[in-house]
Amino acid sequence: MSAADYVDEDETTIEVLNAYLDGLHAGRKAGRDEILRARPDLARAIDCLDALDRFASDMVELRAEEAVADAPTLPLDSVSRTTDAFALPRELGDYELLREIGRGGMGVVYQARQKSLRRMVALKIIHGCGLASPDQLRRFAAEGQAAANLRHANIVRVLESGQVEGIPYLAMDYIEGLSLAQCLARRALDRESAVRLLCAVARAVDYLHGQGIVHRDLKPSNILVDAECQPIVTDFGLAKLLYDDSQLTQSGMAAGTPSYMAPEQAAGQTSRATPVSDVYSLGAVLYELLTGRPPFIAETPIDVLIQVLEREPPSPRQLDRSIPRSLSQICLRCLEKDPANRYPSAAALADDLERYLKGESVEVSAVTPWLRLTRWGRREPALASRLAVIVFFYGVELFDYYVLHRLEDNFHYSVTIVLAIWIALSVVFQRLMRRESWQVAMPAAWAFVDAAALLWVLLLGDGRASPLMIGYPLLIVAAGLWFRERLVWLMTGLSVLSYGVLAADYYLVRTWLQTVPPLNSDDHVYFAVGLVAMGAAVAYQVHRIRALSRFYERRK
């Protein structure tokens, strides 16, 4: 069967199930037998749809006053929504469902009343019932197992787990309040309250680690804030047991939320997800509490993922100069790419936050010059890579000029001017790239400058006969690192145009270049280093694509 056949079959399956679902909503079940005769492989899906139809037959239009006759007034911030195309059902076993209060990648959470004990709970139901994959079902069960024995004031309790008519559920404490994400959307917390809240969360996470659990999905939407403004950590759907070698997340699959996941998680290195991975996520939450935005923001999750893997976040003080330097340093230490450079535990992070609140000196390690340089390189990768190549080339040129005395004064001075202009424009472009309005046009302008500068240097030297010709394929490969197809084609076109100029110079203008003697020793160095740089760029591109494929595999 061809790939097109598979696509057609998937589309046909969706159309059949959608049509059957529409019939159920209209109150008819005609066509079931015909569908199963033609597609016996859909029996499980049809049975699940029938079960959910029976489950949803007693549909209600809930009002707040009808929902809880003998319960205290509850915040109803949103209109009840439907889940998975089905109307909100009234009962699920011992639980009366009242309203939807949240949903994630795997389940929907309802406010519900447990009838037998007459108490309010949060009930989580897995998406899609029988249509859920075995991995989703195992993960849902693992969430209950991970949280079942946890007893901490800042961690949500799991009260019960089970199934009703084949529908898995988890019953948890109902927290009257909002998620931290909702709080941030409504208003910013004052700095001291934010630090105290994060400190409490860090203590709760340290308790988790002491119980052998890594959360792996810490983010504002998974932190509830109760009526006393106390944070409650919830959602253990991606939790990892440190002492259990059987991983529900497949090896090489990214798990987490891009804006808050540690680089080792973003790279799909699940075996490296340790307590310090949660420390990174705590730092990302602290960053948002301080600045009002996550450490990395972009148009798509893929772009965010690339930044998590490669870039350094702007310093919080760069976004808000009123943020104390010590607090900014605490935040950035949590967000170190290398796990060894982060706080060794969530408790150590909490200790430093408490020192800050008391006005004491925090124990953030001094930033070494090398670490400062690598951070800058990650923040400004386009500029850093160009400076590295230009500095290397100019170093060889200086050696030829001052030590070997093989270059003329005019050539040396001209090349110095060209490289100085190239560097100056690159610095300007990098600064302009920080402005959102320039982020689309600037890479294209930069491509023109790169191609023109390389052409200028080649024309000053041996033109088409120069080993620096390797710079053109290197520029094309480097253009691919922006992940913009049009930019790659632009650089390809500029390179071909420049080569045409060099060919005309070689055959029509400076014909004597055809008699240039064999390559010098430094020419071999230029060419070899260019090959290494090109190989590194391609290898890094492959690394990125593999990381992105892992992320999409998880999303799928």
**Request:** Evaluate the criterion ring-ring contact (aromatic ring centres under 6.0 Å, His included) for residue pair Y110 and Y95; output intermediate values, then yes/no.
**Result:** CA-CA 10 Å; Y110 292 103; Y95 299 95; over 10 Å; no

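- At a threshold of 4.5 Å between non-hydrogen side-chain atoms, the residues P381 and E312 do not count as touching.
- M172 places none of its side-chain heavy atoms less than 4.5 Å from the side chain of E160.
- N154 contributes atom CG, which lies 12.0 Å from atom CG of D206 (distance to the nearest 0.5 angstrom).
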**Message:** Test side chain to side chain contact (heavy atoms under 4.5 Å, CB included) on E264 and S277; report intermediate values, then the result.
**Reply:** CA-CA 8 Å; E264 58 269 22; S277 301; 2.7 Å; yes

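- For the side chain to side chain contact (heavy atoms under 4.5 Å, CB included) criterion with V276, the lone passing option out of R342, H209, E336 is R342.
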**Item:** Test log, rule side chain to side chain contact (heavy atoms under 4.5 Å, CB included), inputs L123 and V109
**Value:** CA-CA 5 Å; L123 200 71; V109 182; over 6 Å; no

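- Residue pairs meeting the salt bridge (charged side-chain N to carboxylate O under 4.0 Å, His left out) criterion with at least one member in residues 317-328, sequence neighbours excluded, are R191-D320.
- T274 is not listed as a side-chain neighbour of V214, based on a closest heavy-atom distance of 4.5 Å or more.
- Comment: K115 does not engage E96 in a salt bridge, judged by the lack of any side-chain N to carboxylate O separation of less than 4.0 angstrom.
- With hydrogens and angles left out, the side-chain atoms of E288 and Y260 include a donor and acceptor closer than 3.5 Å.
- Pairing each heavy atom of G283 with each of C331, the nearest pair is O-SG, 3.5 Å.
- Looking only at side-chain heavy atoms (C-beta outward), V121 and R113 stay at 4.5 Å or farther from each other.
- Looking only at distances, a side-chain donor or acceptor of Q265 sits under 3.5 Å from a matching main-chain atom of R216.
- Side chains of L97 and I125 form a contact here, defined as non-hydrogen atoms less than 4.5 Å apart.
- Counting heavy atoms from C-beta outward, C334 and L282 have side chains that stay 4.5 Å or more apart.
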**Request:** Evaluate side chain to side chain donor-acceptor pair (under 3.5 Å) for S315 paired with S328, printing each intermediate quantity in order.
**Result:** CA-CA 7 Å; S315 167; S328 177; 3.2 Å; yes

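- We find the OG-CE distance between S281 and M261 to be 8.5 Å, quoted to the nearest 0.5 Å.
- Remark: E354 engages R203 in a salt bridge (charged side-chain N to carboxylate O under 4.0 Å, His left out) (not counting sequence neighbours).
- Rounding to the nearest 0.5 Å places CD1 of I223 at 9.5 Å from OG of S179.
- Remark: side-chain polar atoms of K337 are not paired, donor with acceptor, to backbone N or O of A262 under 3.5 angstrom.
- In this structure, R333 is positioned above the aromatic face of Y343, its NZ or CZ under 6.0 Å from the six-membered ring centre and within 45° of the axis.
- Rounding to the nearest 0.5 Å places CG of L198 at 6.5 Å from CG of L349.
- Other residues, nucleotides and ligands place no more than 12 heavy atoms under 6.0 Å from the CZ atom of R187.
- For Y207, the ring pair (Phe, Tyr, Trp, His ring centres under 6.0 Å) test picks out H152, with sequence neighbours left out.
- The CD1 atom of I297 lies 8.5 Å from the OG atom of S259; values are rounded to the nearest 0.5 Å.
- Counting heavy atoms from C-beta outward, L189 and L197 have side chains that approach closer than 4.5 Å.
- Shown here for I155 and A204, the closest heavy-atom pair between the two residues is CD1-O, 3.6 Å.
- With respect to K219 and D235, no salt bridge is recorded, no charged nitrogen being found less than 4.0 Å from a carboxylate O.
- When the shell of 6.0 Å around CH2 of W438 is examined, it contains 12 or fewer heavy atoms from other residues, nucleotides or ligands.
- Two residues are said to be in side-chain contact when any heavy atoms from C-beta on lie closer than 4.5 Å; V156 and L224 fail this criterion.
- Under the 3.5 Å distance criterion, the side-chain polar atoms of H215 are matched with a main-chain donor or acceptor of T234.
- A donor-acceptor pair shorter than 3.5 Å can be found between the side chains of D94 and S116.
- Remark: L184 CG to L289 CG distance equals 5.5 Å, nearest 0.5 Å.
- With sequence neighbours left out, the salt bridge (charged side-chain N to carboxylate O under 4.0 Å, His left out) criterion links R119 to no other residue.
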**Prompt:** Can you list the steps and then say if L319 with Y287 is a side chain to side chain contact (heavy atoms under 4.5 Å, CB included)?
**Reply:** CA-CA 11 Å; L319 302 176; Y287 191 103; 3.4 Å; yes

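- For the pair L150 and R157, the tightest heavy-atom approach, listed with the atom from each and the gap, is O-CG, 4.4 Å.
- Taking all atoms of both residues into account, the shortest heavy-atom contact from A202 to A350 is CB-CB, 3.9 Å.
- Of all non-hydrogen atoms in P313 and L332, the two that sit nearest each other are CG-CD2, 4.2 Å.
- Taking each heavy atom of P263 and Y280 in turn, the nearest pair found is CD-CE1, 3.6 Å.
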**Request:** For the pair V279 and V205, evaluate side chain to side chain contact (heavy atoms under 4.5 Å, CB included) and give the outcome as yes or no after the intermediate values.
**Result:** CA-CA 9 Å; V279 170; V205 171; over 6 Å; no

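- For S326, the side chain to side chain contact (heavy atoms under 4.5 Å, CB included) partners at least two apart in sequence or on another chain are P324, Y356, V362.
- Of the possible polar contacts, one joining the N222 side chain to the D217 backbone as a donor-acceptor pair under 3.5 Å is found.
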Indicate every side-chain donor-acceptor pair of residues 225-232 with a distance under 3.5 Å to a residue at least two apart or in another chain.
unit_1: D226; atom_1: OD1; unit_2: E228; atom_2: N; d: 2.9
unit_1: D226; atom_1: OD1; unit_2: C229; atom_2: N; d: 3.1
unit_1: D226; atom_1: OD1; unit_2: Q230; atom_2: N; d: 2.8

